[in-house]
Amino acid sequence: AQSVAQPEDQVNVAEGNPLTVKCTYSVSGNPYLFWYVQYPNRGLQFLLKYITGDNLVKGSYGFEAEFNKSQTSFHLKKPSALVSDSALYFCAVRDEAGGSYIPTFGRGTSLIVHP
Amino acid sequence: DAGVTQSPTHLIKTRGQQVTLRCSPKSGHDTVSWYQQALGQGPQFIFQYYEEEERQRGNFPDRFSGHQFPNYSSELNVNALLLGDSALYLCASSWVTGELFFGEGSRLTVL
């Protein structure tokens, strides 16, 4: 079975400071990992993904994520937060060995960037 | 290049009624998935369509049904609406690369 956890319901950070949104996962085989962002009353937007290769993945809007196999984590990061980054962030995982085409989403983390 | 489009954007129904939601996938995408997102929750997978067949289904009752057309567009039908069906219904299209491209959603309110 595949599962994903986002341990923080909310993350607060000051504008200009680095931000981290945490995600851990559980799969049987190799993970396909994704981050999505959702602005109020909008659909989800794809930010980045890890399939294989370099553990540091760069995505849209200056976001990046680091895959750590030993810690089964895929934390989302940005060196300098913007107020406009305030949104809901979802981590998702799909198990390569699971026989499913469907990713499982976390509950989401609300990121609030203060001016 | 048009992204994923959904209609209607908002609708209000009463208990027991039926609703049909529509989705056009991103150009070049052949797979359509439907999700239900309740307030404050992550998206919950309803089902996925590929080559006009339901390829996988989540833990939703048979009141939820769907269809995919030859042009890859899709419909989600919900019968005998319950108050608990009130949610944002998201359509997502994808291709072999795996990431999902979501529409803006259809906000369903059941009174």
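What's counted below: heavy atoms across the whole structure, side chains too, no hydrogens, waters or symmetry copies. Computed from a predicted model, the values in this text were never measured in an experiment. Note on naming: letters A, B, ... go to the chains in the order of the sequence lines (proteins, then strands), and numbering restarts at 1 for each one.
At a 4.5 Å heavy-atom cutoff, A/Tyr32 makes no contact with chain B through either its backbone or its side chain. At a 4.5 Å heavy-atom cutoff, B/Gln6 makes no contact with chain A through either its backbone or its side chain. Looking at A/Gln38, only its side chain comes within 4.5 Å of chain B, counting heavy atoms on both sides. If you measure heavy-atom distances from B/Gln56 to chain A, the contacts under 4.5 Å come from the side chain alone.
Residues B/Tyr72 and B/Leu76 do not share a hydrophobic cluster, clusters being chains of Ile/Leu/Val/Met/Phe/Trp/Tyr side chains in contact below 4.5 Å. Transitive grouping of hydrophobic side chains (ILVMFWY, heavy atoms separated by less than 4.5 Å) keeps A/Leu88 and A/Val37 in distinct clusters. When hydrophobic clusters are built by joining Ile, Leu, Val, Met, Phe, Trp and Tyr residues whose side-chain heavy atoms come closer than 4.5 Å, directly or via intermediates, B/Leu39 is not grouped with B/Val78. Note on A/Val11: it clusters hydrophobically with A/Phe74, by side-chain heavy-atom contacts below 4.5 Å among ILVMFWY residues.
Distance check: A/Ile102 CD1 to B/Tyr35 OH gives 5.5 Å after rounding to the nearest 0.5 Å. Atom OH of A/Tyr36 is separated from atom CZ of B/Phe101 by 8.0 Å, given to the nearest 0.5 angstrom.
The number of heavy atoms from other shown groups lying within 6.0 Å of CZ (B/Arg15) does not exceed 12. Counting heavy-atom neighbours within 6.0 Å of B/Asn59 CG, excluding the residue itself, gives a total of 12 or less. For B/Leu111, the CG atom sits in a packed shell: over 12 heavy atoms of surrounding residues, nucleotides or ligands are nearer than 6.0 Å. Other residues, nucleotides and ligands contribute at most 12 non-hydrogen atoms within 6.0 Å of the CG atom of A/Asn41. Remark: A/Phe63 CZ is packed, more than 12 non-hydrogen atoms of other residues, nucleotides or ligands lying under 6.0 Å away.
What you find for B/Leu88 and A/Arg42 is that their closest heavy atoms are CD2-O, 4.2 Å. Residues A/Pro103 and B/Leu100 come closest through the heavy atom pair CG-CD1, 3.8 Å.
Between B/Glu99 and A/Trp35, the closest side-chain pair of non-hydrogen atoms is not below 4.5 Å.
Annotation: residues 104-115 of chain A contacts chain B through A/Phe105, A/Gly106, A/Arg107 [non-hydrogen atoms, separation under 4.5 Å]. Contacts of residues 44-54 of chain A with chain B at a heavy-atom distance below 4.5 Å involve A/Leu44, A/Phe46, A/Lys49, listed in sequence order.
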